[in-house]
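Okay, structure first, notes after.
Note that the coordinates shown come from a computational prediction; the quantities given were computed from them, not determined experimentally.
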Amino acid sequence: MNRPIEVLSPAGGRPALEAAVRAGADAVYLGGPRFGARAGAQNFSREELSQAVRYCHQRGVRVHVTVNTLLKDSELPKALDFVKFLCSIRADAVLVQDMGLLSLIRERAPGLALHASTQMSLHTPAGVKLVKELGIKRAVLARELSLPEIKEIADSVDIELESFVHGALCMCVSGQCYLSAMLGGRSGNRGQCAQPCRLPFSAPGGTGHDLSLKDLSFIDSIGELSKAGVCSAKIEGRMKRPEYVAAATAACRLAADGKPVPRELSSALGAVFSRSGFTDGYLTGHTGREMFGTRTREDVTAATEKVLSGLRELYRNERQSIPVDLALSTDGGAVCLSAACDGRCVFVTAGLDPKAPIYNSIPKERCVKQLQKTGGTPFTARDITVPEDGVPLPVSELNGLRRRALDALLEARGTVKPIPFTDMPIPSPAACQRPRGPLPLRAVLRDPGQFCPEMRECEAVCLPIETPPEKLSALRSEGLRLILDLPRAMFGRERELRGLMERRKDQGFTEYLCGNLGSLELCRQLGLTALGSFSLNITNTPALAAFEGLGLESAELSLELSGREISGLGAGLRRGITVYGRQALMLTRNCPLCNSPRGCLGCKAPGALTDRKGKAFPVLCRERGKYGVELMNSVPLWLGDMQEELSCDFGVLRFSVENSVECGEIFRAFRQRTSLNAAYTRGLFRRGVV
């Protein structure tokens, strides 16, 4: 892609929108009344969205609209109706996360540009290849990628890539956080995150806020990102004030144009919002304690009125950035002025008064000077054509002619043809009949040492792919059906993992548990059987159908569905739910236990974070962080004594910190349908999420 990198700015409301456009954004992203990942932003009504798109298109700025939350079956009709509206006002792109919605939009509006939200957790070449196959035009990459990893994706897939360059940095990989949902019923995957990670969670030797990272800032590296293959530099901040949007946009505009960012602008940007400064740790590959930070009193008070008023100057006036060609001519008894840009041309005329005195005529040089006065508009005069003898008009009439021509051109630029959208019904979900008899079980183990004799009754046992082959072979020799668990985090490890999968395939292992789109695509490429894990975030019937079409043999449903919602899903792909286990709350690349003077603690056993109430949340490190780190819930989910309410094809027992004896006790309790003799939670099975 040879075009300059795009500056993409957030717009939580109309003031921020105008700040972004006037400060130099090439594009903005914003949300409507529902279905956006920032429900707490001001957002836009439909009428406001229509006005916003028109305003931006008049000024040559593209508009991307977020429809990037997970959806339930009952919400899909309204979400599609909203997308239909976006087609009618010709939004430039729609961001999506939900695979069901993606498949429905592709059928109904193939001409609509779709962008894969960062909520899709895309961080490998294979994952990006898969979404391109599904009709995605642009992939918004995970924030945790390093510069070489971004380049690897760009070199592997011919698709537009978008990367965050400034703003808030979550501890968790986007789309993989269930902390807010589990602790308070507010789903980050549905735009309702309550940010509990910013509360005290303590690691040994840490600061006490060991899930809170500094904001990221890669503004100084925008040129390198562009060379690596990124086409869009994205600023986070749809919930932030217009002054922040203007400062970040202006800084990115300069960097994208290859110009230095003045020290005073950088200082003002840090003052208007930061968390103990900024970090570029992921981009440079330098993770650890230096990336952690909180919003301090000093950070808050730095945004003085002097700083804010200075930043308002960045967007006080229109940005005159659209070249316009103006041509004056006389035709009998009238003067005509044409205004043209980007293939659009308008004409306005003024009649001549034959009785007007000759001194009212304007010479050529004065005509040019008057036509150059485009202040107060987004236009700047480029080529001006005027008759050699000037025009026989008063200056006031020429000025009026110019104003009318530019107003007409602005109006024409805001007029667009709708994107075709074909109405078609969403198929009503056919009832899914649960099989009779005891619920089939699958056991997911962290280590083969957790295996217990009771697991021989399971329909399958799942172990990490990196488990030594001799241990896998020993279990297989007992007649067990073994599934190999692929990492949910594969940053920079795809080639290595693909090689390991090929070796395991040669050893006879053909079934793999996939928790992200990248691992699913690897299975497709290698001709292996893929089974979906909970982190594919399947929450509706069309998503089940979409994944079945991609070759999944079965799928574990999202942790965020209630029992009633699970039972309402339509027939099709064989599905299961977690019936026991400490639920994963976060998937991170930077281990929270590294926020100590010692850095990585080299944990031989699972460590833990402690919250402000004294509850311990285990931290599981896979292959010393090579395949990511998981924060687990403080107590396990237990549905073993509620089996009459489980409307699924199989149950999943997830074992994390348990030993083999404890695993056996849990298995027996499930078969006996009794309560656990320990603290547990029902998770979201009863209450679901908002």
- Task: Spell out, as yes or no, whether a donor-acceptor pair under 3.5 Å connects the side chain of Arg344 to the backbone of Ala412.
- Result: yes

- Check Val140 against Glu162 and note the closest heavy-atom contact, atom names and distance. CG2-OE2, 3.4 Å

- Message: Tell me every residue that passes side chain to side chain contact (heavy atoms under 4.5 Å, CB included) with Glu75, counting only those two or more places apart in sequence or in another chain.
- Response: Arg34, Phe35, Leu71, Lys72, Arg190

- On a heavy-atom basis, the closest approach of Val28 and Cys56 is CG2-SG, 4.0 Å

- Query: How would you list all residue pairs meeting salt bridge (Lys or Arg N to Asp or Glu O under 4.0 Å) that involve residues 270-280, not counting sequence neighbours?
  - Reply: Asp215-Arg275

- Query: Excluding sequence neighbours, so at least two apart, what forms ring pair (Phe, Tyr, Trp, His ring centres under 6.0 Å) with Phe164?
  - Reply: none

- Query: Going by heavy atoms in the side chains, are Pro10 and Tyr29 under 4.5 Å from each other?
  - Reply: yes

- Partner set under salt bridge (charged side-chain N to carboxylate O under 4.0 Å, His left out) for Glu243, not counting sequence neighbours: Arg241, Arg312

- Item | Flag for Ser232-Glu6: side-chain donor and acceptor within less than 3.5 Å | yes

- Return the set of residues passing side chain to side chain contact (heavy atoms under 4.5 Å, CB included) with Thr296 (not counting sequence neighbours), or none when no residue passes. Ser276, Thr294, Glu298, Asp299

- Scan residues 393-403 for pairs that pass side-chain hydrogen bond (donor to acceptor under 3.5 Å, both in side chains), counting only residues two or more places apart or in two chains. Gln370-Asn399, Asn399-Arg402

- Query: Just wondering, do Leu147 and Leu225 contact through their side chains at under 4.5 Å, heavy atoms?
  - Reply: yes

Which donor-acceptor pairs under 3.5 Å do the side chains of residues 245-252 make with protein atoms, sequence neighbours left out?
residue	atom	partner	partner atom	Å
Thr249	OG1	Ser9	OG	2.7
Thr249	OG1	Val245	O	2.6

- With sequence neighbours excluded, what pairs up with Ser217 under the side chain to side chain contact (heavy atoms under 4.5 Å, CB included) test? His166, Ile219, Phe278

- Report yes or no: do Ser212 and Arg198 form a side-chain donor-acceptor pair below 3.5 Å? yes

- Message: Within the structure provided, determine whether Phe82 and Val94 are in side-chain contact (heavy-atom separation under 4.5 Å).
- Response: no

- How would you list, by chain and number, every residue that makes a side-chain hydrogen bond (donor to acceptor under 3.5 Å, both in side chains) with Arg589, sequence neighbours excluded? Glu149

- What one should report as the nearest heavy-atom pair of Leu393 and Ile362 is O-CG1, 2.9 Å

- Message: The criterion is side chain to side chain contact (heavy atoms under 4.5 Å, CB included); which residues satisfy it with Ile419, sequence neighbours excluded?
- Response: Cys87, Arg90, Leu112

- Query: Can a cation-pi geometry be assigned to Arg295 and Phe273, taking NZ or CZ under 6.0 Å from the six-membered ring centre and within 45° of the ring axis?
  - Reply: yes

- Salt-bridge contact Glu411-Arg54 (side-chain N to carboxylate O under 4.0 Å): yes

- Item | salt_bridge(Glu18, Arg14) N-O dist < 4.0 Å | yes

- Take atom CG of Asp220 as the centre, draw a 6.0 Å sphere, and report whether it contains more than 12 heavy atoms from other residues, nucleotides or ligands. no

- Decide if atom CD of Gln372 counts as having more than 12 heavy atoms of other residues, nucleotides or ligands within a radius under 6.0 Å. yes

- Would you indicate whether the side-chain heavy atoms of Leu409 and Ile322 approach each other to under 4.5 Å? no

- Output yes when a side-chain donor or acceptor of Arg22 lies under 3.5 Å from a complementary backbone atom of Arg316, and no otherwise. yes

- Task: Identify whether the distance between the nearest side-chain nitrogen and carboxylate oxygen of Glu236 and Arg143 falls below 4.0 Å.
- Result: no

- Whether Ser121 side chain and Ser174 backbone form a donor-acceptor pair below 3.5 Å: yes

- Hey, which of Val53, Val61, Val63 is the one that makes side-chain contact (heavy atoms from CB on, under 4.5 Å) with Asp92? Val63

- Query: Considering residues at least two apart in sequence or located in another chain, which fulfil the ring pair (Phe, Tyr, Trp, His ring centres under 6.0 Å) criterion with His209?
  - Reply: none

- Asp26 and salt bridge (Lys or Arg N to Asp or Glu O under 4.0 Å): which partner among Arg253, Arg62, Arg59? Arg253

- What residues, two or more places apart in sequence or in another chain, satisfy ring pair (Phe, Tyr, Trp, His ring centres under 6.0 Å) together with Phe491? His123

